[in-house]
Every structure is written in C-alpha cells, then in structure tokens.
Protein chains: 2
Amino acid sequence: MAKTTTSNPAGAARQRGVTMNDVAKHAGVSRTAVSFVLSNRENASISEETRARINEAVQALGYRPNAGARALASQRSDWYGIVTEIVTAPFAVDIIKGAQDQAWLDRKFLLIAPSDQADAVGPNQGLEDAAIEKLLEQRVEGLLYAATYHRGVHVPDSASEVPTVLINCFDADGRLPSIVPDERAGGRVAVERLLQAGHRRIGVINLDPDIPAAVGRLAGAREALAEAGLKLDPQLVVPGHATADGGYEAACQILDRYTEKDRPTALFCLNDRMAMGAYDAIKERGLTIPGDIAVIGFDNQELIAAYLRPKLTTVALPFEKMGALGVQTLAALTAGQPIIADQQLVGCPLLERSSV
Amino acid sequence: MAKTTTSNPAGAARQRGVTMNDVAKHAGVSRTAVSFVLSNRENASISEETRARINEAVQALGYRPNAGARALASQRSDWYGIVTEIVTAPFAVDIIKGAQDQAWLDRKFLLIAPSDQADAVGPNQGLEDAAIEKLLEQRVEGLLYAATYHRGVHVPDSASEVPTVLINCFDADGRLPSIVPDERAGGRVAVERLLQAGHRRIGVINLDPDIPAAVGRLAGAREALAEAGLKLDPQLVVPGHATADGGYEAACQILDRYTEKDRPTALFCLNDRMAMGAYDAIKERGLTIPGDIAVIGFDNQELIAAYLRPKLTTVALPFEKMGALGVQTLAALTAGQPIIADQQLVGCPLLERSSV
DNA sequence: TGATTTAGGTTACGCGCGTTACTCAATGGC
DNA sequence: GCCATTGAGTAACGCGCGTAACCTAAATCA
C-alpha cells in the first residue's frame, strides 16, 4: 500500500489522521511552534499572529491530538485503572460513576477492567491478574480496586507497582489505603431515627454476622440504643439470609413470637432486600407500615427502596462519594503527597422516605 | 533531575520501566530480535537458544510491553470506545458487561466514557461531544453508543469518523447500524405463556404508548392473541406511569372495574416496576398470585423480579447479548466486512419464575 | 568452483509528540 | 559603535516500539 499523503481533508475512510506536522505546514511554521501553542506553554514566545494562524490551521484541518503519542513523549498517560467485579456484578455501579465523574474533572481517563474475584481468595485469580497486567501495560498512573460489598480482599502483588487505593473493601494484608463506608455510623443513624420517632422496642434483622457490614451496623445500633439508655434485646436480633425471602422469614419469626403488646414497633433491616421481604410479612398479617410497624432499611437500592409501597426509609451507602474520594486519594498519591489515613470512612446518610 | 539509568531491578518508586532495549542488552541481542520473539513473527528466523535467552531476560527483568508505544508504532490501538449514559443511569449495565467480556475475548480494550444525554436531543450535548472527542483522541478503532432504554437517538457527527454501532437504541437519522431488543417477539412470548396457562382474559398495563418498547410489546401481544383467535379488549389496556405507583394504580383500575366473573385472570405488565405495584394492588384485595391472578412482567430487573414474592415471571431484555453483539459487529466493521443488517434484533427470552 | 539460497540475525527509519538547546534579527544601554 | 538582551521561532533528540531493508556466514546447488 502506497504511503498516502494526509493533506486531503475528510476523504476516504481509514485515512491517516492529521498530525501536528500537517498543521505546521498549513500554517507555515515549525511543528515545535504548533506544539507550543497547543500546550499553552508559558515561557514560549509566539506572536499573536502566528498563534492565530496556527489555531486556524488546527480548525481547518480538524486536527486532533494523539493521546498515545503524547503519553509516550511526556511519560504520563493521564489514566487511572479501576479493576472491579462490579462490571460483572453491578450492585455498586455508582462507585464507577463517582470515580469517573471525578476523573473527568481531573482530566484523567478511567480504564475499567473486569475482575471476577467472587470472594477474597477466589478461584479465577487469573482473570484479575490479567486485568491488572493489561492496565499496567497501558501505563496507568494509579490503580483503583473496588468491590461490590464491603469486605477484606487480597490484591495481587502486581498492583503495588503503582499507587493503589481500595474502594468499598480493605486490604486484608494491611498495606494499601482504603475507602469504606462508615457502617457503624450508619447503623447508629438508622436506630436514632427510630428512637426519635418514639420507638423503644426495635427488632433487628441481621445479616451474616461475620461480615463487616453486619458487625458495624449492629455496633452502631447498640451505640444509639445505649445513648438512649436502652439495650438491644438479643431475642430481637434474628439472623436472616440476605434476600427478600430471608427477610420475610426473619420478620415472620419476630412478628409471630410475640403478642401484640410485646411485639417490636419497629424493624431495622440490615439491607433493603430483606426489608422488601419484611414488608410482605407485615402486610400479610394485616399490619400497616409505618402505622403498626416502622421499617428502616440499609443500602438504598433504588429499585427497591424507591418503589416499595410505602417507600422505604433507608440508609444509603455512599458509593458515588467513595468512588470520587478514591480518585482524589489516588491523585494525591501520584502527586507524591502523603495520604490522609490508611482507611477513610465515608458517612452513610439517612434517606427519609415513608416507612418510619 | 538527572536521567536515571534503568538497569537497576525493582528499585525506587517511579522508576523508568524496563524497555525492550533493556531486555535486548540483558540477552545480548538486538532490540529487533526481542521484538520478533515477543510478537511471534512467523517469517522471522531466531534460533531456539536465543529465543530462550530472550524469554529469560523478559522474565528476569519483569519486562512489560508499553501498549501506547506499540499502538503508535503499529497504528492500531486495540481499543473500542463506548459512550453511554449507563454510567450515570445504571439501568442497563449488562450491556457494558456483555461488551467488555466480548472485547476481552477479542483482545480489545473497552474505553468507557459517560454521556448525560437524557433524551434524544438533550441539553448537555456538550459532555457527550467531549466524551466522543476524548475517545477519538485515544484513537479508538470503533465506537459503541449505548442507551439505557430503547429509543431513537441523534449521534454527534464526530462519531462517524470511525465505525460506530448503536446498542439498545437506533439512529434517528437512519445512518448507523444498530442492535435492539426484539420487543415484538418479547410481547408475544409473554402473552403466549399466559395463553398456554389457560388465561383468556388478559389485562395489559401499558407504558407511554409512544416509545418503541410499548409499541413493540403491545403489537406482539396482539399477534399472540390473534393466533389464538382472540382479540385484545381495548378496555383491558390501561396506561400507567412507568413506576411501581403507576402499576399499582393501573392495576387498581382494572381490578375494581369488573366483577369477579369478568375480571381478567392475568395481567401483562409492560415492565417489572409496574408489576411490582400490581402485586400490591392484587394482594391488597385478598387475591393470590398466581392462583387468582397471574402476573407477567418485562425487563427482568433482577432486584425486583427475583425478589418479589412470588418471584416474577418476566421477559428479559438481552442486554448482555446486545453488548457482545455490538462488539462483534464492530469487529466486523473495522475489519472491513459488510454488516449483516442495518438493524439487528435480539430475542427477549422468557424467564419462568412463579407468578404465572 | 562459483552462484545462490537460507538461517540468524542487525541497521535504520518512522509512528506523533514533548522538550531542550540553539539560531537569528531587532532592540537597548552606554 | 559594540555588547547584552529579548522576542520569535526552529533543529534535533528521544519516548518505546513495529518493521522493511539489509548483512553475513554457512549450506546447497548446478
């Protein structure tokens, strides 16, 4: 194939793309001059006229900088990589949204790579390593590692070759900085809301008691009760499978165990899916929400919380904020600044709807 | 800052990264030889020994190719770009998942850029243009454009500089190829399922009648009925707002309008959110699902369909498949192959759960 | 025996751009 | 009238890599 000159405007498909050289020729200056005006160099001296001529040429030819070449020459890619199982299990997409918005503001690009690491020490570590490897080949300046649910993870060693920040998870090996939701404060604010509404007997539908979410939220609940001079009745804490069915069954247990007088007047469901099931159990018994029983959830899964009837009051996980904070932290790290803390806690705001 | 030699292994942070030159020196060969073995050139002749020496050097130094430099030299980036509002409105994330999985298989990288174009002719066209511009600066080989819900869109002109495929939307200007769900077939399979279960009087909770989803699904429903020798009673088609509340109200209308004898025995809700509301209306009246009234939805929004009680039988939108097909189509286009069709329809499979 | 092929490489160029060092004319100071 | 400075730009190198063209000694062929 003969080398084609690229001087023709918008011609056949797959043309060579106009370069700075083309712009330079068109403007009758050196390529260096073009580079200088395009990158707005302070100390370079280019007259207003030639500057204008160059800009015209840029417009006329439809010049578009080649990011790859720029990265090669300047030794900075302006890319961050984010490796996450969220692509495959989209529970916490808002992390990506938050990160991407922030990256966009910082004029960085976010490269998203999938990881299928279902649990801390998953079977297909392979894909994850490959993903990180690919990101490093793109010369990302930093790495974000995000999980769908708050937990400890083992990050492949290769990640440590560039600054790395964990989002919605923490380094089980305790080396990398992380950003996680403040579960405890969230649990606290939930129960405080119930107390404020006058509830004194509060049932709790718990998650798997070993996961950070359960530990933190429950601790927060206890704190809130303690401050009100109350104690959490162990009888009122029932474990549930983290699904609507699990919530239904747990709620049935609680509701059927007591007489109308002893029955708790409020239910703190440690996630929204379980709250969804609890709704059914409550309605089934002819009780009303929030009249007879108030319900408060956790997670703020829009599709559930905003569409249940009545709409569910719940505590939101700050996915978007965590994503943004992750990028900010990464920016600080790549700039060589010291990090603020090994683990940054992000608040979980209460979302008032109609179930309390 | 003095130029540092890069011969030292894994030293201080921010070191220069080992290049092919380093590998070449270490192996005592020319850089070209390294390039040849790394890219597995068929027609190049390198002895097994030197090949081995080179591979050893690669291992020893931890060499990692620089994707940017490679792209620059070879004039192909191996990247596709996908611009989508899904990042900000994550209803259809599975499109991204499907696309990314397929891209991964094809050894391509997917660059995801956000678009905030809420409707066909949105106000912040600006962000979208900027996003596409950024992608083109990265020299993506092709562009995917994905929407959260099936509709016509106007794609910025700049997109036409590289092969472009639309996913879950179509080009209102009729130029670009697209991949959309087969709404009609979906509506058909839903009603067929109800007919098969013995239902003859079927109520329909409709969406905004102008959108492609409503048009197609309703047409499909009519087809299915026609084949069974039935006609859709216009009285039984009630419009609803596309939310749980909308579904609730529409269902109330239908249920309260008729006596027990005339009442439809099944409800086809044109999306799962409305089905969620319909559930409430039905239960509220002491009726059971599917015993008294069968319900079938559309969209397969996991969080709803899989967690409603009873679990919702629904028709799934083939997001993942559309994403994958988008990448495949793009691959064909960039390879210069003719496209199969301007608009590819992807089937919507019925998901049997427990509400019919 | 001389000509040709082949294995096993190497030299050199260019991809598009950032950047440092340099040139060259015009100006200013004294 | 001579040197120093400044304004306005340019030449040239290198970023890390793909690749066409070339080279050399040994093997093969007529």
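Here is the naming used below: chain letters follow the sequence lines, and residue numbers restart at 1 for every chain.
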Strictly under 4.0 angstrom, non-hydrogen atoms only: write out the protein contact profile of nucleotides 22-29 of chain D, one letter per nucleotide from the 5' end, B, S or -. --------

At 10 degrees resolution, what angle do the end axes of the helix from C:dT1-D:dA30 to C:dC30-D:dG1 form when each is taken over five base pairs? 50°

Ignoring hydrogens and geometry, is there a side-chain-to-backbone donor-acceptor pair from A:T164 to A:A159 under 3.5 Å? yes

Does atom NZ of B:K321 have more than 12 heavy-atom neighbours from other groups under 6.0 Å away? no

To the nearest angstrom, the CE-P distance between B:M20 and D:dC15 comes to 15 Å

Residues 44-58 of chain A vs side chain to side chain donor-acceptor pair (under 3.5 Å), sequence neighbours excluded, gives A:S47-A:T50

Nucleic acid contacts - residues 42-57 of chain B versus DNA chain C, non-hydrogen atoms under 4.0 Å: B:S45, B:S47, B:T50

Strictly below 4.0 Å, heavy-atom distances to any atom of DNA chain C: list the hits from residues 27-40 of chain B, or just say none. B:V29, B:S30, B:R31, B:T32, B:A33, B:F36

Could you tell me whether the side chain of B:Q100 and the main chain of A:I112 form a donor-acceptor pair under 3.5 Å? yes

Is any side-chain N or O of A:Q75 closer than 4.0 Å to OP1 or OP2 of C:dC17? no

Under the side chain to side chain contact (heavy atoms under 4.5 Å, CB included) test, residues paired with B:K134 that sit two or more places apart: A:W104, A:F109, B:E137

Measure CG/B:N66 against C1'/D:dG14 and give the value in whole Å, please. 14 Å

Can any side-chain N or O of A:E141 pair as donor or acceptor with the backbone N or O of A:D78 at less than 3.5 Å? yes

Phosphate oxygens OP1/OP2 of D:dG18: is one of them under 4.0 Å from a side-chain N or O of B:R70? yes

Distance, rounded to the nearest Å, where B:D22 contributes CG and D:dC17 contributes P: 9 Å

Given atom CG of B:L72 and atom P of D:dG18, what is their separation to the nearest angstrom? 11 Å

Whole angstroms only, please: what is the CZ-P distance between A:R76 and D:dG14? 22 Å

Begin with the C-alpha distance, continue with both residues' side-chain angles, and end with the deciding distance and a verdict on salt bridge (Lys or Arg N to Asp or Glu O under 4.0 Å) for A:D173 and A:R175. CA-CA 6 Å; A:D173 307 323; A:R175 287 186 291 243; 3.7 Å; yes

